[in-house]
Amino acid sequence: MPAPPNKDEIVGSGSTPSNATARSGFAKLWECLFGTSGLLGANGTVAAARAALGFGTAGPFSNRNLVNNRTLTINTRSKAGTVVLAAGVYGHDQWKAGAAGCTYTFATVGIDVVITITSGSLVHVIHGPKVEGGVYVASWSGTSQAKLNGAAYAASGVTVSGVGAGSNLPIEMGPGTFTRVQVEQGTAVTTFDRRTPAIELFECQKYLETGSGELQAYNTASNGTAVRIPFKATKWTTPTMTYTIAANTNCTVFDARTPTPDGVTWYCTPTTTGTVAWIGSWMASCEL
């Protein structure tokens, strides 16, 4: 950016500054704002100013960070100790092992969680519907280097261009420490965009949610009994369901079935006429 004029070149009192000095000062000011590499771009329009400041020509100034579980505090699967993952398997919410798997530990530091990768990598995939396309920059705290959209590993502040609108945008963290991960549109690294814990959890639950199911009723033999369980967060697509059994009484068939993005059916068929009980826990996953 061209240097701005000195204050006394454009303001003063009486005959100071002279006309010539003032004209020179305002010329410097114009170059500083609108000249080559000027602060506000070539013409001062919103798009030109955003591009010159490194924010891209689109996208919000707030809620710029596209990463879910950016401080790594959401741990739905209750990982603990040294976490060893095969390729593509998830550990902390929204973070899965890269092609070589991953081994990591983690610790709470302040209100954030810091992950230490000892081998392999962890990948977070930013979902395509959040990606407007263009140029993006990634930043984080820690010693890890990262790949953004498959480019080479680099330190915090790495950029990538040519990202297609609506395409998934992965960031892959290599060995070392990291937390406070941010991926945003443009080339400028801005102040870390922190979410409240409730919003962070809700955004993660669009891809992974756990809960409990309990069905107790009186019914005749072989007559299906069911209750619908609504999800806390609507999933981006129909999830895959898994479940564990805590107790079942007088049930020939019992399962979690017919999931939709907004809920699942907790179902059982009585073996004989009488009271039935089907109690357990479930997991709904549609992670990328």
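Since the structure is predicted, the reported quantities are computational estimates derived from the model, not experimental observations.
- A side-chain donor from one of S281 and T244 sits under 3.5 Å from a side-chain acceptor of the other.
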- Starting from the C-alpha separation in whole Å, work towards a yes-or-no answer on side chain to side chain contact (heavy atoms under 4.5 Å, CB included) for L215 and T225. CA-CA 8 Å; L215 173 60; T225 303; 3.8 Å; yes
- For side-chain hydrogen bond (donor to acceptor under 3.5 Å, both in side chains), just list the numbers for D112 and T179, CA-CA rounded to whole Å, side-chain angles, deciding distance to a tenth of an Å, and then say yes or no. CA-CA 7 Å; D112 302 326; T179 188; 4.8 Å; no
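- By the 4.5 Å heavy-atom criterion applied to side chains, D193 and E184 are not counted as neighbours.
- Between G98 and E172, the shortest heavy-atom contact is CA-OE2, 4.2 Å.
- Under the 4.5 Å side-chain contact rule for hydrophobic residues, V113 and L201 do not share a cluster.
- One N or O on the side chain of N65 and one on the backbone of V181 form a donor-acceptor pair closer than 3.5 Å.
- Between the side chain of R70 and the backbone N or O of V67 there is at least one donor-acceptor pair closer than 3.5 Å.
- Under the 4.5 Å side-chain heavy-atom criterion for grouping Ile, Leu, Val, Met, Phe, Trp and Tyr, V83 is not connected to V109 through any hydrophobic cluster.
- Grouping the Ile, Leu, Val, Met, Phe, Trp and Tyr side chains by contacts below 4.5 angstrom, directly or via other members, places V264 apart from L208.
- The side-chain heavy atoms of Y104 and T116, taken from C-beta on, include no pair separated by under 4.5 Å.
- Looking only at distances, no side-chain donor or acceptor of E132 sits under 3.5 Å from a matching main-chain atom of A165.
- Looking at heavy atoms from C-beta onward, V183 lies in side-chain contact with L148 at the 4.5 angstrom threshold.
- The heavy-atom pair separating G120 from I117 by the smallest distance is O-CG2, 3.5 Å.
- Taking 4.5 Å as the limit, some side-chain heavy atom of W282 sits within range of a side-chain heavy atom of I229.
- The aromatic rings of F178 and W95 sit tilted, their planes meeting at an angle between 30° and 60°.
- Heavy atoms only, all atoms of each residue included: P259 and P239 are closest at CG-O, 3.7 Å.
- By the criterion of side-chain heavy atoms lying less than 4.5 angstrom apart, applied directly or through intervening Ile, Leu, Val, Met, Phe, Trp or Tyr residues, V89 is grouped together with L72 in one hydrophobic cluster.
- Using a distance-only test at 3.5 Å, with no hydrogens or angles considered, no donor-acceptor pair links the side chain of K28 to the main chain of P4.
- Here the shortest heavy-atom pairing between C102 and S121 reads CB-O, 3.1 Å.
- Summarising the geometry of G81 relative to F106, their closest heavy-atom pair is O-CE2, 4.2 Å, with the distance given to 0.1 Å.
- Of the residues N69, T76, N68, the one that meets the side chain to side chain donor-acceptor pair (under 3.5 Å) test with Q94 is N68.
- Contact check for T103 versus V84: side-chain heavy atoms found under the 4.5 Å cut-off.
- In this structure, CD in Q182 is found 8.0 Å from OG1 in T191, a value given to the nearest 0.5 Å.
- Grouping the Ile, Leu, Val, Met, Phe, Trp and Tyr side chains by contacts below 4.5 angstrom, directly or via other members, places M173 with L85.
- Note: W236 and Y207 have tilted aromatic rings, judged against thresholds of 30 and 60 degrees for the angle between ring planes.
- Side-chain contact between I126 and V131: present, with at least one pair of heavy atoms (C-beta onward) separated by less than 4.5 Å.
- M241 is not listed as a side-chain neighbour of R257, based on a closest heavy-atom distance of 4.5 Å or more.
- Contact check on R194 versus E200 returns no salt bridge, with no Lys/Arg side-chain nitrogen under 4.0 Å from an Asp/Glu carboxylate oxygen.
- Every pair passing side-chain hydrogen bond (donor to acceptor under 3.5 Å, both in side chains) that includes a residue from residues 135-156 is listed here, sequence neighbours excluded: T143-T177.
- Here the CD1-OG1 distance, from I111 to T73, works out to 8.5 Å after rounding to the nearest 0.5 Å.
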- Message: For E209 and S285: C-alpha separation, side-chain torsions, deciding distance, then whether side-chain hydrogen bond (donor to acceptor under 3.5 Å, both in side chains) applies.
- Response: CA-CA 7 Å; E209 184 179 332; S285 173; over 6 Å; no
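- A salt bridge does not link K232 to E203: none of the charged nitrogens lies less than 4.0 Å from a carboxylate oxygen.
- Shortest non-hydrogen contact noted between G157 and V189 is CA-CG2, 4.0 Å.
- Rounded to the nearest 0.5 angstrom, L288 CG and H127 NE2 are separated by 5.0 Å.
- Judged purely by distance below 3.5 Å, without hydrogens or angles, the side chains of T21 and S24 never pair a donor atom with an acceptor atom.
- Within the 4.5 Å cutoff, no side-chain heavy atoms of C268 are placed close to those of V253.
- Between the N168 side chain and the G128 main chain, a donor and an acceptor come within less than 3.5 Å of each other.
- Atom CZ of R77 sits about 9.5 Å away from atom OG1 of T210, to the nearest 0.5 Å.
- Note that the CD1 atom of I74 and the CG atom of D93 stand 6.5 Å from one another [nearest 0.5 Å].
- Note that NZ of K79 is 14.5 Å distant from OG1 of T105, once rounded to the nearest 0.5 Å.
- Annotation: cation-pi geometry not satisfied between K206 and F202 (NZ/CZ under 6.0 angstrom from ring centroid, within 45° of ring axis).
- Among residue pairs with one or both ends in residues 261-280, those qualifying as side-chain hydrogen bond (donor to acceptor under 3.5 Å, both in side chains) are R228-T265, N250-T272, T252-T271, T258-T265, T260-D262, Y267-T269; sequence neighbours excluded.
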